[in-house]
Number of protein chains: 2
Amino acid sequence: MTRRGAYAKGIAKREEILTTALEVVAAHGYRRASVRELADAVGLSAAGLLHYFDSKEELFTAILRKRDEHDQTAYGTDGAGLDMLLTVIRHNATVPGLVQLYAQLAVEAVDPAHPAHGFFRERTDGLQEHFRAAVVRAQENGELRGDLDPAWVATSVQALSDGLQSMWLLDPAIDMAAHIERFLDALRPGAHPQGGTAS
Amino acid sequence: MTRRGAYAKGIAKREEILTTALEVVAAHGYRRASVRELADAVGLSAAGLLHYFDSKEELFTAILRKRDEHDQTAYGTDGAGLDMLLTVIRHNATVPGLVQLYAQLAVEAVDPAHPAHGFFRERTDGLQEHFRAAVVRAQENGELRGDLDPAWVATSVQALSDGLQSMWLLDPAIDMAAHIERFLDALRPGAHPQGGTAS
DNA sequence: GTCTATAAGTCGATAGAC
DNA sequence: GTCTATCGACTTATAGAC
């Protein structure tokens with residue numbers, strides 16, 4: 001915003017840092033969400049890292065934003081609504097460090113004064129609208145029961161995903177995607193025989 | 001061990017501290033889970049508080065244990081399985097500080113080396129078994145569809161509760177109990193007309 | 001039993017050398 | 001643009017006075 005001459009280069013370096021941070025957090029996880037730890041991970045000093053970000057909160061919010069952006073382009077093949085959720089969840093099961101970072105920042109951002117509060121609010125609103133539209137389509141296609149309130153299904157799907165990720169962090173034996181698939185199966189019209197156990 | 005009088009008194013003071021901590025956290029919430037902050041809240045210095053607890057983690061784990069204990073005696077009228085969950089969730093909606101403390105410690109305890117890790121693992125296992133048995137009873141009474149895997153329903157109910165609490169912390173307009181009721185309604189046998197919207 | 005004082009460490013963030 | 005060095009404000013935890 002305030003930089004002029006090195007604007008393009010600064011932006012590029014910022015993106016490079018975020019991409020590296022995503023990879024290294026995904027691969028090695030992290031212990032605390034501290035600037036020093038992340039600086040070591042991306043190969044900079046803490047001061048060097050904060051040259052590109054105004055504060056710790058802005059830095060970690062930017063990482064989560066970059067994650068969403070990546071997931072959107074990687075798995076968001078246009079109208080794929082609830083299928084995309086399953087794809088993302090399956091991907092998340094391979095990057096526990098990112099899931100942990102997300103969960104940790106989400107709790108801290110509960111305070112309306114937290115710099116990331118707006119990010120999570122807007123993210124939730126966007127996901128809710130995305131899911132709600134997908135539920136309406138699924139109902140029109142006869143894949144979901146028509147008597148269900150789309151907004152309720154949307155909220156439930158997101159709450160279930162968040163909750164399953166918390167439980168999975170605690171016990172990685174849980175199959176998150178299978179649980180969500182079963183949830184959607186249980187809401188299909190007609191008879192619903194179930195197979196074996198999930199997790 | 002050798003000094004009986006002091007032993008009993010120490011235990012009593014411990015309990016008193018925990019009860020006070022529960023009340024004050026429930027009423028005023030808290031910002032960070034720091035010993036200093038809680039010490040102020042219960043009217044002791046940080047050193048005085050740590051006289052009764054070996055470490056910060058043990059202290060906060062004890063608070064959550066006390067919370068479960070309180071909820072169990074207050075709302076756990078024997079066999080009331082899924083009804084108790086709704087009662088507790090409705091109560092939780094009146095104590096955001098406790099919900100926040102729980103969510104924060106749960107994320108930190110994801111690390112198997114964290115002192116509270118065992119607490120959360122055992123708590124999850126206990127709840128799962130409790131819910132699973134309640135689901136089996138509900139199925140026998142015809143209140144839930146018989147084709148559903150009880151273990152799956154149990155996990156889903158807990159994940160949904162956890163996820164709803166996270167979303168509620170972010171946006172207190174959400175009606176957590178109503179969402180869970182709808183979930184259970186959606187899994188009842190026969191037709192399932194739904195009423196208005198749930199937040 | 002509870003305090004003050006303080007140790008020993010980490011945190012985010014800044015100043016200034018290069 | 002990135003570093004070293006450092007600041008001041010925190011943290012948990014301990015030692016010892018009372």
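First the proteins, then the strands, lettered A, B, ... as listed; each starts at 1.
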For residues 159-169 of chain B, dump all side-chain donor-acceptor pairs below 3.5 Å to protein atoms at least two apart in sequence or in another chain.
| from | atom 1 | to | atom 2 | distance (Å) |
| --- | --- | --- | --- | --- |
| B:S161 | OG | B:V157 | O | 2.8 |
| B:Q165 | OE1 | B:N92 | ND2 | 3.3 |
| B:S166 | OG | B:D162 | O | 3.4 |
| B:W168 | NE1 | B:P172 | O | 3.4 |

Show me the donor-acceptor pairs, under 3.5 Å and distance only, between side chains in residues 95-115 of chain B and residues at least two apart or in other chains.
| from | atom 1 | to | atom 2 | distance (Å) |
| --- | --- | --- | --- | --- |
| B:Y102 | OH | B:R123 | NH1 | 3.2 |
| B:D111 | OD1 | B:A113 | N | 2.9 |
| B:H114 | ND1 | B:A116 | N | 2.9 |

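The hydrophobic side chain of A:V136 is isolated, with no ILVMFWY side chain under 4.5 Å apart from it.
With sequence neighbours left out, B:F183 forms a ring pair (Phe, Tyr, Trp, His ring centres under 6.0 Å) with A:F183. Annotation: side chain to side chain donor-acceptor pair (under 3.5 Å) contacts of A:E15 (sequence neighbours excluded): A:K66. With sequence neighbours left out, B:H91 forms a ring pair (Phe, Tyr, Trp, His ring centres under 6.0 Å) with B:Y75. With sequence neighbours excluded, the residues that form a side chain to side chain donor-acceptor pair (under 3.5 Å) with B:E58 are B:R14.
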Summarise protein proximity over nucleotides 4-17 of chain C in one line of letters, 5' to 3': B for base, S for sugar-phosphate only, - for none, counting protein heavy atoms closer than 4.0 Å.
B------BBBBB--
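For the pair B:H51 NE2 and C:dC3 P, the computed distance is 11 Å after rounding to whole Å. Remark: P of C:dC3 and CG of B:L49 are 10 Å apart, rounded to the nearest angstrom.
Atom CG of B:L184 is separated from atom CG of B:L86 by 6.5 Å, given to the nearest 0.5 angstrom.
Interface residues of residues 110-120 of chain A facing DNA chain D, ordered by number: none; criterion, heavy-atom separation under 4.0 Å.
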